[in-house]
2 protein chains.
Amino acid sequence: MDKHTTREAGRPPGMTDVARVAGVSAQTVSRALAGHPNVQEKTRAKVLAAVEQLGYRKNNAARVLSSGRSRTIGVVTLQTSFYSRTALTHGIERAAQEAGYAVSTATTASLDTSAIEAAMLRLADQHVEGMILAVPLIHVSRQIEQLTGAVPTVTIDGSRTSATEVVAVDQSLAARLATRHLLDLGHETVWHVSGPRAWLDASSRSQGWRAVLEAEGRVVPPELEGDWSPESGYRNGLILGRIPDVTAVFVASDEMAFGVIRALHELGRRVPEDISVVGVDDIALAEYCSPSLTTVAQPFAEMGALAVGHLMRHMADPGAALEPASVEPSLVVRASTAPARRA
Amino acid sequence: MDKHTTREAGRPPGMTDVARVAGVSAQTVSRALAGHPNVQEKTRAKVLAAVEQLGYRKNNAARVLSSGRSRTIGVVTLQTSFYSRTALTHGIERAAQEAGYAVSTATTASLDTSAIEAAMLRLADQHVEGMILAVPLIHVSRQIEQLTGAVPTVTIDGSRTSATEVVAVDQSLAARLATRHLLDLGHETVWHVSGPRAWLDASSRSQGWRAVLEAEGRVVPPELEGDWSPESGYRNGLILGRIPDVTAVFVASDEMAFGVIRALHELGRRVPEDISVVGVDDIALAEYCSPSLTTVAQPFAEMGALAVGHLMRHMADPGAALEPASVEPSLVVRASTAPARRA
DNA sequence: TGCCCAGATGATAGCGCTCCCACCTGCTGG
DNA sequence: CCAGCAGGTGGGAGCGCTATCATCTGGGCA
């Protein structure tokens, strides 16, 4: 039993073990497993057989240390249970897996610059080859500039540093679809419950809504601000329900829309007979509440795939600037909207 | 410019750089940074100053390769957008962070044994020190037995291998709370829309429901099976709504409950006047739909923390068997349940 | 006074892999 | 007929860190 030919039990087999069994050098094993072209088919087969026989598994840490490449991308998201986060992450995971990359997620409890920096640093420490920032960049610090300069990064809410690439859903279009739908139903004007202003999606939706009203020469009512939670929708709904003029509301997310509708019910305003409501996201439950919710569907899965694709291209050639990509939302008409009743 | 004293620009500073600047050995730097006790306070301060000055960041890959320890735990979850997944992951992330561990997530698209194996192998490749399986183990393969033997593992739905530790919410209690609540309201019996039978939570809830009915000498109606989706709730609701006897339904998840209520509405059965409905989970929207949903709240965050705590203990001493831990759900009474009307 | 031990530090040897370069075939073409 | 070249392979040198052992100091105690 020479320790150079037999490893102690308990230690997983390494590349040299595979090499010995296959009767080649460790170097050739490495090449065969990496899919390098200059390896004879016969040799590769021998290597694969040895791998199979020994139950060899690559040692990722060693690979990363040696090559600097990790085959991993990082995603920064907000630590919440909102549907949008889950759906998007889901989309990214799928797409990354297809591209042969692993996904490492770093969540941040707040949108503070320092919290986002910390999340990005955590990912950097894991040697991710690229990052997707799925949180709004409120303030771009020197540190963030530096990080996005060093690691190819894609932001998905439209905010960006000088070095990031951008992927976004056309949120302005989402708002315009919703607003125009309500005007088409004959409503005089449309009220709006927005998301937090720090979020670019929220302000894009707000702008789109305002643009349509102005283009049509309608009165632009004051905007109410929520925080994406059902509870904030409820609070704003209690306000809207007390204003007799309100007949149509565009709410910046389905979860808030549920809260708005709930509040209107409690105040005796019927949906859609008295007030029409449109949400955004098309969460799974939108169809199953009463009344079922008219909403603007967000192509989250598609967006995840787009972000990953964009990131891959950016990683392949960090020099070339890619043009911002964007996908289009679509209106889903259900029962929470109805024609305005004429006075 | 000797290359031994000055590194090429562009390469991040390493421990030897820090050591040189601090005027100590690399070894001492390692100890100081690891919080090793046998380091003079003065020395530690010098090291920290040098770290600060150079912007040194540890190289994780090297640390893992060298020590075998990664300070990371892995979580296997199903690739869905269900609330429960997000909420639980969230809880685990928090708890792990507090324990000084990073979390790596591997999602699986299906519950096939091979898919779960693949997810676990991915985590093993990342040198996780422990795993939390947040998916039901339908069939425990040799491979899974082996993996759970090699890496400390906690399962959180009650299924287990010979080597795993178990953490669970008492799902039977959840069902009993819901069922008894409905009986207390005067209903003759309670119908049940369950989750997929492969999920232990689903069958535990089913058992709890059945146990209460039998203990009270009530008729046990046939069970309807859903797949956790709102749509499956809707389908089953269309069936239940056509059965005149039905006055109370216990649905195994809130999302399905939304579907059930929706279907009952469409069939002209009012909730709660004609039929009372109870869900499980207490999702954020449960309170804001109409009628607001009576449900059994699951302590997801607590469960995540419990799972992490359990795992830490298991990792510290893989030999000692820990007794299964469990947390208790609680009933939240809202508007979807009402006293039975007497014939 | 001398010895031992504990605390503080340094030197050296890998961890398992990939990179770079050298090597060896067997073939083409002047 | 042999230089020259390309495809296939092997041999070393690290990647940046930690484990292990060795070294060196300064007490406390007989």
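When reading the values below, keep in mind they use all heavy atoms of this one structure, side chains included, and skip hydrogens, waters and symmetry mates. Proteins get letters first, then strands, A, B, ... in listed order; numbering begins at 1 in each.
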Between B/Val24 and A/Ala61, name the one whose nearest nucleotide on DNA chain C is closer to the 5' end. B/Val24
B/Ser66 side chain near C/dG14 phosphate (N/O to OP1/OP2, under 4.0 Å): no
side-chain contact (heavy atoms from CB on, under 4.5 Å) partners of B/Thr113, counting only residues at least two apart: B/Glu117, B/His139, B/Ser141, B/Ile144
Contact under 4.0 Å: A/Asn38 side-chain N or O vs D/dG8 OP1/OP2: yes
Would you state whether a donor and an acceptor, one from the side chain of A/Arg44 and one from the base of D/dG8, lie under 3.5 Å apart? no
Classify the side-chain pair B/Thr77/B/Thr107 by whether it contains a donor and acceptor separated by less than 3.5 Å. no
Where the side chain of B/Arg63 is concerned, which of C/dT9, D/dT18, C/dG16 is the nearest nucleotide? D/dT18
Assign A/Arg69 to base, sugar-phosphate, or nothing according to its heavy-atom contacts below 4.0 angstrom with the strands shown. sugar-phosphate
Specify the separation, in whole Å, of atom CZ of A/Arg20 and atom C1' of D/dG10. 16 Å
Could you tell me the separation between the CE atom of B/Met15 and the P atom of C/dC15, rounded to a whole number of Å? 19 Å
Phosphate OP1/OP2 of C/dC17: any A/Ser30 side-chain N/O under 4.0 Å: no
State whether a side-chain donor-acceptor pair under 3.5 Å links A/Glu165 with A/Thr153. no
Is B/Lys58 close to A/Asp125 at the side-chain level, that is, under 4.5 Å between some pair of heavy atoms? yes
Mind calculating the distance between NZ (B/Lys46) and C1' (C/dT9) to the nearest angstrom? 11 Å
N/O (side chain, B/Thr28) to phosphate O (OP1/OP2, C/dA8) under 4.0 Å: no
Report the distance from atom CG of B/Asn60 to atom C1' of C/dC15, rounded to the nearest whole Å. 15 Å
Could you check whether the side chain of A/Thr16 and the base of C/dG16 have a donor-acceptor pair of N or O atoms closer than 3.5 Å, going by distance alone? no
Determine whether the side chains of A/Thr148 and A/Thr161 contain a donor N or O and an acceptor N or O closer than 3.5 Å. yes
Side-chain donor or acceptor of B/Arg57 under 3.5 Å from a matching atom on the base of D/dG16? no
Across the strands shown, which category fits A/Gln40 at heavy-atom distances under 4.0 angstrom: base, sugar-phosphate, nothing? sugar-phosphate
Please report the distance, rounded to the nearest Å, between CZ in B/Arg31 and P in C/dG7. 13 Å
Tell me what A/Val64 touches on the nucleic acid: a base, only sugar-phosphate, or nothing, going by heavy atoms under 4.0 Å. nothing
Take atom CD of B/Gln27 and atom P of C/dG7, then tell me their distance rounded to the nearest Å. 17 Å
Could you tell me the separation between the CD atom of B/Gln126 and the C1' atom of C/dG16, rounded to a whole number of Å? 17 Å
B/Pro136 and B/Asp157 have their tightest heavy-atom pair at CA-OD2, 2.8 Å
Under 4.0 angstrom between B/Ser25 side-chain N/O and C/dG10 OP1 or OP2: yes
In whole angstroms, how far is the P atom of D/dG8 from the NE2 atom of A/His36? 9 Å
